[in-house]
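Residue numbers start from 1 in every chain, and the chains themselves are labelled A, B, ... in the order their sequence lines are given, proteins ahead of strands.
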Protein chains: 2
Amino acid sequence: MAEDMLTQALQQLKDHKIRVTPQRQIILTYLVTHHNHPSVETIYQALESQLPNLSLATVYNTLKLFVDLGIVIELQNGDAGTHYDFFGRPHYHVVCENCGKITDVFEPDLSGIDTTAARLSGYLVTGHNMEVYGLCPECQAKLGIHHKSELQRLNLSHTE
Amino acid sequence: MAEDMLTQALQQLKDHKIRVTPQRQIILTYLVTHHNHPSVETIYQALESQLPNLSLATVYNTLKLFVDLGIVIELQNGDAGTHYDFFGRPHYHVVCENCGKITDVFEPDLSGIDTTAARLSGYLVTGHNMEVYGLCPECQAKLGIHHKSELQRLNLSHTE
DNA sequence: GTCATTGCAAACCTTTTGCACGAAT
DNA sequence: ATTCGTGCAAAAGGTTTGCAATGAC
């Protein structure tokens, strides 16, 4: 199943006449098998043992390529860098505003959005990205917050 | 109406015991009266004539403050920097993948998203951000594209 | 053999920070 | 008077680029 996704994604590269280099295969494999929404740095560190001379620039270039092909999507969670996620099955993300954790939510009901947006905007719509913000269960417990009304206690503001 | 929004936003600053400085008022006014999704640089250039010694750092700090307060939201459109939008009324955005234009769409049906996401993820949900991607009417005309199937002609890829 | 891709390091550019001055409460 | 906010310039940090060498097709 994960292998199907990998094969399918590799086929997309071939279809676009993009060379299948070891770097691309290994990065793609990492993304297909890890759903931890890694940053560029995370991917780089995880793979440099397998690929001793791997360059950070190559990781950047490869991810950009995958994003352009629609294989992978970019995410921001409030920290400095960009995070990446293999987009084999449509889903959206819930981001913890306290710790930055990103959780996948598989929820098919967003399909109507594109047609609605197209109708209202006149755009030729190709896709969408939904991000939900909140406090993850762990941070709720850690901070002792169980209801929205308590959130103002948190100073999730510029003084962080 | 725009003045109401401004007054209301200024009141939020006071409520949070945040000082109402000329810089903050002017930047806020700019955002309330301009719906062109400006970048930091755009705001800075628009206001430096009114406020001769305005510092870019102040624009950054102020926008960050407004975002933390929920008065303003951040947007990315594919170019280098971040864009800002006064969030007086809930809406989402459609972004042109060709020219970067951002269009507002006022569509109330996304309210159920938060509860669904909360149920499925266990998060205490505070909000969401929806971004739709596509080709704006102008770029459709310019590129002679009127159907999704023609999009592959575009190489909106890393070779841009 | 050709041409895309890689690795490396330097360059880039947006954003942040430190500090002294000035202003709001 | 005190504390917060501003301006300036320098620094930081993520990302991109130029170029020679390498490797996929």
Grouping I, L, V, M, F, W and Y whenever their side-chain heavy atoms are under 4.5 Å apart, do A:Leu75 and B:Tyr92 come out in a common cluster?
no
In terms of side-chain heavy atoms of A:Tyr60, which of D:dG14, D:dT6, C:dT16 is nearest?
D:dG14
Can you find a heavy atom in the side chain of B:Leu47 that is under 4.5 Å from one in the side chain of B:Gln50?
yes
Whole angstrom is fine here: how far is it from CG in A:Leu56 over to P in C:dT6?
14 Å
Cluster link A:Phe66 to A:Met5, ILVMFWY, side chain under 4.5 Å
yes
Side-chain heavy atoms under 4.5 angstrom apart, residues restricted to Ile, Leu, Val, Met, Phe, Trp, Tyr: same cluster for B:Val95 and A:Leu110?
no
With 3.5 Å as the limit, what N/O pairs link the protein to nucleotides 7-9 of chain C?
| unit_1 | atom_1 | unit_2 | atom_2 | d |
| --- | --- | --- | --- | --- |
| C:dG7 | OP1 | A:Gln23 | NE2 | 3.0 |
| C:dG7 | OP1 | A:Asn53 | O | 3.4 |
| C:dG7 | OP2 | A:Ser55 | N | 3.2 |
| C:dG7 | OP2 | A:Thr58 | OG1 | 2.6 |
| C:dG7 | O5' | A:Asn53 | O | 3.1 |
| C:dC8 | OP2 | A:Asn53 | O | 3.3 |

Hey, which sits more toward the 5' end of DNA chain D by its nearest nucleotide, A:Val20 or A:Glu41?
A:Glu41
Would you mind reading off the distance between B:Tyr84 atom OH and C:dT15 atom P, rounded to a whole angstrom?
6 Å
Indicate, yes or no, whether a donor-acceptor pair under 3.5 Å links the base of D:dT3 to the side chain of B:Arg19.
yes
Rounded to the nearest angstrom, tell me the gap between atom CD1 in B:Ile27 and atom C1' in D:dT6.
11 Å
To the side chain of A:Val40, which of D:dT15, C:dT14, C:dT6 is closest?
D:dT15
Looking at B:Thr21, does any N or O in its side chain come under 4.0 Å of the phosphate oxygens OP1/OP2 on C:dA23?
no
Rounded to 10°, the helix from C:dG1-D:dC25 to C:dT25-D:dA1 deviates from straight, judged by its five-pair end axes, by 50°
List the atom of B:Ala9, the atom of B:Ile71, and the distance in Å for their closest heavy-atom pair.
O-CD1, 4.0 Å
Quick one: which of B:His91, B:His93, B:His83 gives a ring pair (Phe, Tyr, Trp, His ring centres under 6.0 Å) with B:His37?
B:His93
Could you state the atom-to-atom distance from NE2 of B:His16 to P of C:dA24 in whole Å?
21 Å
Atom pair distance, as rounded to whole Å: NZ in A:Lys64 and C1' in D:dT17
10 Å
Whole Å only: how far is the CD1 atom of B:Ile43 from the C1' atom of C:dT15?
14 Å
Nearest-Å distance, NZ (B:Lys14) to P (D:dC4)?
19 Å
Could you check whether any side-chain heavy atom of A:Glu138 comes within less than 4.5 Å of a side-chain heavy atom of A:Lys101, counting everything from C-beta outward?
yes
Could you state the atom-to-atom distance from CG of A:Asp68 to C1' of D:dT15 in whole Å?
15 Å
Is the backbone of B:Tyr133 close enough, under 3.5 Å, to the side chain of A:Thr126 for a donor and an acceptor to pair up by distance?
yes
Checking C:dT5, C:dT14, C:dT16 against the side chain of A:Arg24 (C-beta onward), the nearest is C:dT5
Side-chain contact, heavy-atom cut-off 4.5 Å: A:Thr42 with A:Tyr84?
no
